[in-house]
Amino acid sequence: MSLHTFGVVAAARAIREKVLSPVDLVEALLKRIDLIDGRVQAWALVDRDGARAAARAMTDEAARGVLRGPLHGVPFGAKDIFYSAGLRTEAGSKVMAGFVPEYDATSVVRLKSAGAILLGKLHTTEFATTDPAPTRNPWNLACTPGGSSSGSAAAVAARMVPLALGTQTIGSNVRPASYCGLVGLKPTFGRISTRGVMPLTYTQDHVGLMARTVEDIALSLGVAAGHDRDDPSSSRTPVPDYLAAITHRRAPRIGVLRELYEVATPEVAGITGQAVNRLARAGAIVEETKLPPSYRVVRAAAHMIMRADTASIHAERFALKADLYRPGIRSAIELGMLVPGDLYVRALRVRGQFRRELLPLLERYDALLTPTTTTPAPEGMATGDPQFQAPWSLSGLPSITVPCGLTPSGLPLGIQLVSGAFTEASLLATAAWCEDTLGRAAAPGL
Amino acid sequence: MDREQQRAEYAAGLRAEASRRFGAERAAALGPIIEDVAGWMVDLATFPLDADEPPAFYIEPAP
């Protein structure tokens, strides 16, 4: 087994059992980056010295039987909007050129405290909005990896790192994960602290995780999740043992949101339909169900909240440096300054009504199922359509994508599963059952 | 007022305000996005929200 192909759980186990050293693993990944990142362009910064130093320390400790936590010696990457002490964090923007934070984002702290090694920073669209990163999709370099967590998705898919932190305000974690054949989780709002993550909104930003298996996500979520007193949106809900939870796999009851198939291309609808049929044949109880009436204004609400919040968050910087902002985010900020207050509050009220109207559906099923994306990864630089993620970003409910097949042209597709607030344990168990049934995505042929 | 008329009014208001705050050149550059935002404004303004629905910020499980 080539060392760069180790996933999170496999690497952690091998290190724990002293059959793999963090030094060898980090060197293998740095070699992999040297080999292919010139084409993929996932990394904004590779912290070779820092990763090597951490790997040496982890290797020495592991040899003595000392493990810092469940991710001891496992490398990860962080989207370049996560603060990383002493490392440039530029958010894909000239506005932030040369910015070096003095502290780590809480999620980075939590992963490092569990023994994980920060390998570097991953490209993002500018400030996690729409102006694209240079990153290409490892499955087809002519295609976008999606965004805004472009580098996170591409790096994990291309086996340059087993785990990455991304973020999602509308569709920026789950969508790129799907375009790149990964498992991507956007947990419940407040489940993972957003402190030290450059914000876009106050009530829709989520830290997400990308890896290659549900098991890898379960282990990583258990580390990253938890209350942070320095983040006012952080939840005090206890963190269960997600890895234990996914050992309890059973055929789930799934509510299929058929109306979204009609928005997807026939190719996506067809492959998703085949996947659903396979789940049903394997024992899942599959029923068609409908989204509540407020769904039709969810997209408007999510975008209005994002634009107004982004305008507020960037107001001081924008007043000084408007010309340094690229066209997409510049326009978003300017339009955000014009959003009427009464409609902003209506958007917040839509969120509440949508959540409330969803409750009967969420109680009836283990998960709701949609295609993850309307299309496979599009060609070019534009990062694709986030409309199947927007409802769950607005409502704050957890969603996860699991690979479900390849198009005839060889691009991965996924199914998106959604469940109630703070039910990640059962959502991950459902996702793991689906993964068992549908199989894992192969590696892209780089 | 029908939907298209309301959307056109919102768009005209946004264009005027954009021109006043950011200048005519930027207002012109914002043109296509103004059309999108005006559509969202109509969606939100006309959706039949429950009268007692409060704004929702953070999320916590039911006690």
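Every chain is numbered from 1 and lettered A, B, ... according to where its sequence line falls, protein lines coming before strand lines. Everything quoted here is computed from the prediction, not taken from an experiment.
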Undergrad: Minimum heavy-atom separation for A:Val297 to B:Leu44, with atom names?
TA: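 Heavy atoms of A:Val297 and B:Leu44 come nearest at O-CD2, 4.3 Å.
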
Undergrad: More than 12 heavy atoms of other residues, nucleotides or ligands under 6.0 Å from CD of B:Gln5: yes or no?
TA: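 Yes, the 6.0 Å shell around CD holds more than 12 heavy atoms from other groups.
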
Undergrad: Any idea which of B:Val42, B:Val37, B:Thr46 has the most non-hydrogen atom pairs under 4.5 angstrom with chain A?
TA: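 Of the candidates given, the most pairs with chain A belong to B:Val37.
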
Undergrad: Out of B:Arg26, B:Glu17, B:Arg21, return the one with the most heavy atom pairs under 4.5 angstrom to chain A.
TA: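 Among B:Arg26, B:Glu17, B:Arg21, the one with the most close pairs to chain A is B:Arg26.
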
Undergrad: Would you give the length of the straight line joining atom CD of B:Glu53 to atom CD of A:Glu357, rounded to the nearest 0.5 angstrom?
TA: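 Taking CD in B:Glu53 and CD in A:Glu357, the distance rounds to 8.0 Å.
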
Undergrad: Looking at every non-hydrogen atom in both residues, tell me the closest pair between B:Asp50 and A:Arg356 and how far apart they are.
TA: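 Smallest interatomic distance, heavy atoms only, reads OD2-NH2, 2.7 Å.
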
Undergrad: Using a 4.5 Å heavy-atom cutoff, which residues in residues 300-308 of chain A come close to chain B?
TA: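 When heavy atoms of chain B are the reference, residues 300-308 of chain A contributes A:Ala300, A:Ala301, A:His303, A:Met304, A:Arg307 within the under-4.5 Å range.
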
Undergrad: Which answer fits B:Phe57, side chain, backbone, both or neither, if we ask what part of it has an atom under 4.5 Å from a heavy atom of chain A?
TA: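 Both backbone and side chain.
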
Undergrad: What pair of heavy atoms forms the shortest contact from B:Pro48 to A:Gln353, and how long is it?
TA: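 The answer is O-NE2, 3.9 Å.
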
Undergrad: Within residues 319-340 of chain A, which residues come under 4.5 Å of chain B, heavy atom to heavy atom?
TA: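 Contacts with chain B: A:Arg330, A:Ser331, A:Glu334, A:Leu335, A:Met337, A:Leu338, A:Pro340.
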
Undergrad: Might you point out which heavy atoms bring B:Tyr58 and A:Phe189 nearest each other, and give the distance in Å?
TA: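 Looks like CD2-CE2, 3.5 Å.
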
Undergrad: Give, as side chain, backbone, both or neither, the part of A:Ser294 having an atom under 4.5 angstrom from any heavy atom of chain B.
TA: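 Both backbone and side chain.
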
Undergrad: Counting distance only, does the side-chain N/O of A:Arg296 pair as donor-acceptor with the main-chain N or O of B:Phe47 below 3.5 Å?
TA: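 Answer holds: no.
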
Undergrad: Under the 3.5 angstrom rule, does the side chain of A:Arg349 hit a backbone N or O of B:Pro55 as a donor-acceptor pair?
TA: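 The answer is no, because no donor-acceptor pair under 3.5 Å joins these two groups.
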
Undergrad: Can you tell me how far CZ of A:Arg346 sits from CE of B:Met41, rounded to the nearest 0.5 angstrom?
TA: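 Nearest 0.5 Å value for the CE-CZ distance: 12.0 Å.
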
